[in-house]
Amino acid sequence: MKKTGLLLIVMLLIASLMAMAGAQQEGSKAPGEKVSLLAWWTVRKPIMEFSKEEVKKFETEHPNIQVELMGMPEDALQQKLIGATKANIGPDVVYIDENIVKVMYNAGVLQSIPADVYTEAEILKMYGPKAKMSKIDGKYYGFPNGDMAAVLYYNIDFLRSNGFSPNDIPDTWREFIPLAQKMTDLANDIQGFPIRGREASMWNALLFQNEGFLFRNEKEAMFAGKAGEESFQFLLDIYKKYKVSSRTSLSANEAFGQGKAPFIYNWTWFIGTLETNFSDINFSTRVLPTPDGTPPFGSYGPSYGLFVSSTEAKKQPAAWEFWKFVTSPDFQLGWSMLRGLIPARLEAHKPEIFGKSPYRALAEAVANGVSYSFYPDAVGNLILGTMVDEIMEGAPIRDTMQRIQDEVDAYLAKHSDDCWIYGKEWYDKNK
Amino acid sequence: MLLLGLAFLGLFWWYPLIKTFLLGFKLAGLGHPDEPWIGLENYKELFTTPVFGRVILNTLYLAVVIVPAQIVLGLAVSAVLNRTRLDIVQRVGILSFYTPYILPIVAIGILWKFLYHPSRFGIFNFFLSKLGIGVLRWLEDPKLALTSVAIMRIWQRAGYVILIYLAGLQSIPKIFYEAADIDGATGWQKFRKITLPLLSSTTLFVVVTTTISAFMTFESIYVMTLTAQGGRGGPANATNVMLFYVFNNAFENNRMGYASAAATILFLMILGVTLLQFRYIRQRFEY
């Protein structure tokens, strides 16, 4: 019995040793060590689903690189990313909203693009001269996925049922408002041009249309002026004088999504919302009306972006390889269509897609718009929150604008490094 | 074991408390890893920033509305439940009032946002418009927004107050009421002379915990006041309260030193009001 037991143990030992040797042999066949990358990604469901499918393709092409996509809410990203990077447990690749790119750069989170990944000449060839807008202190770190802009959405069926066609939509606000009034029935919650919930964004577009600017340069705001005042007056008139929108009815997005409005103002990300949440709405887009029917149509904004944030030197080559994949024209095209963007990579500008509805208006608005500036929420909440709320509630326009502008200037005096300002002076030099 | 307990207390209670207090005198946050001392600069800025005055008033308003309303409601409902002879009615009553207290505040906030829809599609406005009163912009009118949040908070925490008062009422010996009956006391006299005084320690507990809870209002503001354009705490800072202000400056604006100074003021506010409550309520009722 003892002998049998001993024999069994020896056999098991031999079997284990053989298995280990086999495993080692198999391992030595692999061309390199397997690298696992962590990518903090957008939580937007359609983009996440698209990305997961694409990552499978990447992993097939790169069997030594494994990528985990982790959804990270935008409002939690800033603090978590800084903390995680400091503790060396941060992601290797990260999706960062444009408002905090400078903040992350200042915190030392972002890795600059090495010359062996892309040279500047290659970058300019891929992204065009606009790429230079992404340069920070002489280096490139990442690029926008694309540009988005505000456009006018219209409900084709709604127009038809009222005896109008998309060709009847005029180019000037002066002519547009009477058309919206003809389709307004506030008693039944039908709003010809609902703006509730979009006032701040629309004020911003109107400001640029009226040849105003938010900022003069990196240290100085300049929205408290005639253009800003006129823009606010127009918004107030939409409620009180023209009566094509109501503050006690559905919000702009709700009204349009429920087929209770022929038009709304919104940014092009709303294309995705309509297609996923309100798929029965037969809509299209066109550039916004303007005071005189000519550009600029408002502001456009680069939508950032994917960055390498890996702190481990041995992981960085794999991280850059993955970054190249997710900034490739094919990947960017898919992302852009789900996000309502004109892709930043020139190769991804497919005329068969972006030359047609609903993207054509976006392309036109971007081409004829003024670039938006990026700043932390502290500034955004002052301008688009406090100021707009107070004025829309009846506070004196001029005094309120001046007070908020002074507060913004005080912020910029201390924190302009965290902002990415394309002010009037920049625009005059680079338009 | 004692050492472990002290270590836990030191690490998770005293260290953050002292660190917060010290950070209030430093330039701390993103871009300031060295955390240089700046003396009273954060406090100076707090008291010269126009919005901070509004934040303090909002916080006090919330407490002034929530605390008395919860006490009156809690006492009234618990008195009714206490008099109910049917055990099942009492249990269903407690369950009904207590359920909102144990539900996630985020879910409640989202639900109430729908109830508060500023059109007739919101349930409250639906009934108001049926009554011919017209619709209210509950969360969008700066004059009404904070009260709307307070109403939700009163409803949400009422069950907690009811439960505490019910326990207090059930602990009062019946003999006092029987003696009062023999003396011919009315219901109101019994309530005023027996129930209220003998509930003074319960009231003190409820007042203190409810006040602290009102001062610490955060989640409901975070969930209910988000707008597409102005972030949270609006409209026009109408719902910007202390804890939200601290959070916003610490984690959104990355101003840890400034936020720590605001947190210290919040701590002192709570401490001051609590000490006042102890002093006032004990002097008035306890015997």
Side-chain angles (χ1 to χ4, degrees), chain A residues 75-76 78-80 82-83 86 99-100 103-104 106-109 189 191 196-204 246-255 258 260 266-267 376-395 400 403 407 410-411 414-415 417-418, chain B residues 27 29-33 41 45 48-51 54 113-114 116-122 125-126 128-129 133-145 222 225-240 244-245 247-256 258-259:
Chain A
D75 52 359
Q78 183 167 322
Q79 205 61 31
K80 286 189 176 175
I82 293 166
K86 272 184 184 170
N99 287 337
I100 57 166
V103 176
M104 290 303 150
N106 290 333
V109 168
D189 291 293
Q191 303 174 71
R196 188 169 76 76
R198 307 304 310 156
E199 295 99 327
S201 178
M202 196 171 155
W203 172 78
N204 189 54
S246 167
R247 304 186 83 184
T248 53
S249 188
L250 295 169
S251 71
N253 292 358
E254 288 168 338
Q258 293 181 25
K260 289 177 178 292
N266 212 331
W267 280 63
D377 285 347
V379 175
N381 290 345
L382 272 176
I383 301 174
L384 303 178
T386 307
M387 181 175 77
V388 174
D389 285 346
E390 286 185 11
I391 292 174
M392 295 311 290
E393 289 297 327
T400 309
R403 196 190 86 231
E407 285 190 48
Y411 181 92
K414 286 183 182 172
H415 307 285
D417 280 355
D418 288 341
Chain B
L27 187 62
L30 196 64
H32 308 290
E41 280 306 310
E45 192 181 336
T48 50
T49 302
V51 73
R54 178 80 191 263
K113 231 181 143 174
F114 284 113
Y116 277 148
H117 197 285
S119 72
R120 64 186 172 86
F121 298 102
N125 277 336
F126 173 79
L128 286 179
S129 56
I133 296 170
V135 296
L136 295 175
R137 294 163 55 227
W138 295 95
L139 291 168
E140 297 190 9
D141 183 345
K143 295 188 192 87
L144 192 60
Y222 193 82
T225 67
L226 173 66
T227 60
Q229 43 200 14
R232 298 175 169 94
N237 288 306
T239 57
N240 198 348
F244 178 76
Y245 190 72
F247 167 84
N248 206 34
N249 276 292
F251 300 109
E252 298 287 336
N253 301 343
N254 273 304
R255 303 187 66 198
M256 286 293 172
Y258 183 78

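Bear in mind the structure is a predicted one, so any value in this text is a computation, not a measurement. Letters A, B, ... mirror the listed sequences (proteins, then strands); counts begin at 1.
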Trainee: Which atoms of B:Ala238 come close to chain A, meaning under 4.5 Å heavy atom to heavy atom: side chain ones, backbone ones, both, or neither?
Mentor: neither
Trainee: Can you tell me if A:Lys80 has over 12 outside heavy atoms packed within less than 6.0 Å of its NZ?
Mentor: no
Trainee: Among B:Glu140, B:His117, B:Arg137, exactly one meets side chain to side chain contact (heavy atoms under 4.5 Å, CB included) together with A:Thr248. Which residue is that?
Mentor: B:Arg137
Trainee: If I measure from the heavy atoms of chain A, does B:Phe121 come under 4.5 Å with its side chain, its backbone, both, or neither?
Mentor: side chain
Trainee: Would you compute the distance between atom CG of A:Asn106 and atom CG of B:Asn254 and round it to the nearest 0.5 angstrom?
Mentor: 11.0 Å
Trainee: Is chain A contacted by the side chain of B:Asn248, its backbone, both, or neither, given a heavy-atom distance below 4.5 Å?
Mentor: side chain
Trainee: Quick one: do B:Arg120 and A:Asp189 make a salt bridge, cutoff under 4.0 Å?
Mentor: yes
Trainee: Select, from B:Gly122, B:Pro235, B:Pro50, the one with the greatest count of heavy-atom pairs under 4.5 Å involving chain A.
Mentor: B:Pro235
Trainee: May I ask you to name which of A:Met392, A:Arg196, A:Glu390 has the most heavy-atom pairs under 4.5 Å with chain B?
Mentor: A:Arg196
Trainee: Please state whether the side chain, the backbone, both or neither of A:Arg247 comes within less than 4.5 Å of a heavy atom of chain B.
Mentor: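 It is both, since atoms from each part get that close.
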Trainee: Which answer fits A:Glu393, side chain, backbone, both or neither, if we ask what part of it has an atom under 4.5 Å from a heavy atom of chain B?
Mentor: side chain
Trainee: Taking all non-hydrogen atoms of both residues, which atom of B:Asn237 and which atom of A:Thr386 are closest, and how far apart?
Mentor: ND2-OG1, 3.5 Å
